[in-house]
There are 2 protein chains.
Amino acid sequence: MIVSSQRGHAGVEETRSRILTAARELFERKGTRGTTTREVAERAGVNEATLFRHFGSKSALLNAMREAACGFETFRSVVASLSGTDNAADLSRLARYVVDRMISKRAMMCVSLAEDATGTDDAPEFRGPAQLVSDLADYFTTKVAAGTMHGDPDLMARCFLGILFSSVVGRKLWGSDVPEQATLDGVVNIFLNGVR
Amino acid sequence: MIVSSQRGHAGVEETRSRILTAARELFERKGTRGTTTREVAERAGVNEATLFRHFGSKSALLNAMREAACGFETFRSVVASLSGTDNAADLSRLARYVVDRMISKRAMMCVSLAEDATGTDDAPEFRGPAQLVSDLADYFTTKVAAGTMHGDPDLMARCFLGILFSSVVGRKLWGSDVPEQATLDGVVNIFLNGVR
DNA sequence: CCTTTATGCGTGTGGGCACTTGCATGAATC
DNA sequence: GATTCATGCAAGTGCCCACACGCATAAAGG
């Protein structure tokens, strides 16, 4: 039974993940500096000492959490699954996917943004979005090559994602809600006309 | 001499504004929770006690600072100064104006975003951007009525600003630089085709 | 049964930070 | 010259927080 190689209590890994989840939920709501290790432990249903036994320090916990909660890994597979013939439908699907993923990472992105601006100690880069841009630009490149779209793929990718990004991240700022499919389709429509 | 009604030292108002400036610079870089009143006072070249005598509390200082540093008030006048005949040139000017203003408020917007996400105590709304959307939507409404553009003005405004917003705010996130005029013109081009 | 291991629990501790207080000073006003 | 007022300065208070330590406990394996 090398399987988990754990002795003592059953869920070592589960405890760890409960802490990570609690940390994410709290950091999202209150920011990194606004969240105490005590709170995280309490929310995870775990003793504060256990938290430190697992992660050593608050900032190590932060890094572990970010690592566990980031990434748009499946984006490429979504692109691969597109019809390729109906651009409007394809972009609509992409938009939906991106928006949904962004919503689930909204708070974390905001906090990341702010901490990027603050230039503080230990904020590792958050590569997800940049990867998104580059993958989407690749997609547009094929479309431009095929002649169904026109323009600079990179600029197109940034425009497309930018609209979605701002509609998700700037919710409170703009006073807009989480975008419904009809809104997304409107965006896709404007964008498609723009690059056709 | 009721003019300033101040006794004692000369620059009461100047001290106040020095504190506000220092506060803004530091809060932008390190966030509200990451900045200490001691630092603010030091940077302002003022004793910490003086800071509290002026503002009473850190959060009151925060509010005063936000009040002093926000607003896109002149946007309407920029809109009013447009030619009205050359949509591309007009949108290009608007884009430049908005981007420049956003860059100068970038850090504060990021911090605001994060603290909005955090749902903390005393973050008063940051009305600037919402006002922008509504003003721009008004502009588009006239264009739609004139028949030179088509679509939902509100959605159009959000798309247009969203692209600019994300290109400014998501600089590090997307890996893009501050947009040059050529880039802005590319955006305007896509957008204009999209709504024409 | 004995050891190992993960956890709970309580009790610090050292440091930082918001905020206070009392006093001295020096400029402007009268 | 006396008063007023904004500020400097120094010391302090109370709180909170990251993090440590020691001990009890209970589950799992040999």
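Lettering follows sequence order; numbering is per chain, from 1.
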> Does His54(A) place a side-chain N or O at less than 4.0 Å from the phosphate oxygens OP1/OP2 of dT7(C)?
Replying inline: yes
> When you measure from the side chain of Lys58(A) to the backbone N and O of Thr32(A), does any donor-acceptor pair fall under 3.5 Å?
Replying inline: yes
>> Which is more 5' along DNA chain C, the nucleotide nearest Thr50(A) or the one nearest Arg38(A)? Just name the residue.
In response: Thr50(A)
>> Just the rounded figure in Å: distance from C1' of dT20(C) to CZ of Arg53(B).
In response: 10 Å
>> On the nucleotide dA18(D), are OP1 or OP2 found under 4.0 Å from the side-chain N or O atoms that Ser57(A) carries?
In response: no
> In whole Å, what is the span from the CG atom of Asn47(B) to the P atom of dA24(C)?
Replying inline: 16 Å
>> Base, sugar-phosphate or nothing for Gly45(B)? Non-hydrogen atoms, less than 4.0 Å.
In response: sugar-phosphate
>> Side-chain N or O of Thr15(A) versus OP1/OP2 of dT7(C): is the shortest distance under 4.0 Å?
In response: yes
> Between atom CZ of Arg43(B) and atom CZ of Arg24(B), what is the distance when rounded to the nearest 0.5 Å?
Replying inline: 9.5 Å
>> Could you tell me how far apart Glu42(A) (CD) and dA18(D) (C1') are, to the nearest whole angstrom?
In response: 16 Å
>> Tell me whether Glu42(A) at atom CD has more than 12 heavy atoms from other residues, nucleotides or ligands lying less than 6.0 Å away.
In response: no
> In whole Å, what is the span from the CZ atom of Phe52(A) to the P atom of dG10(C)?
Replying inline: 18 Å
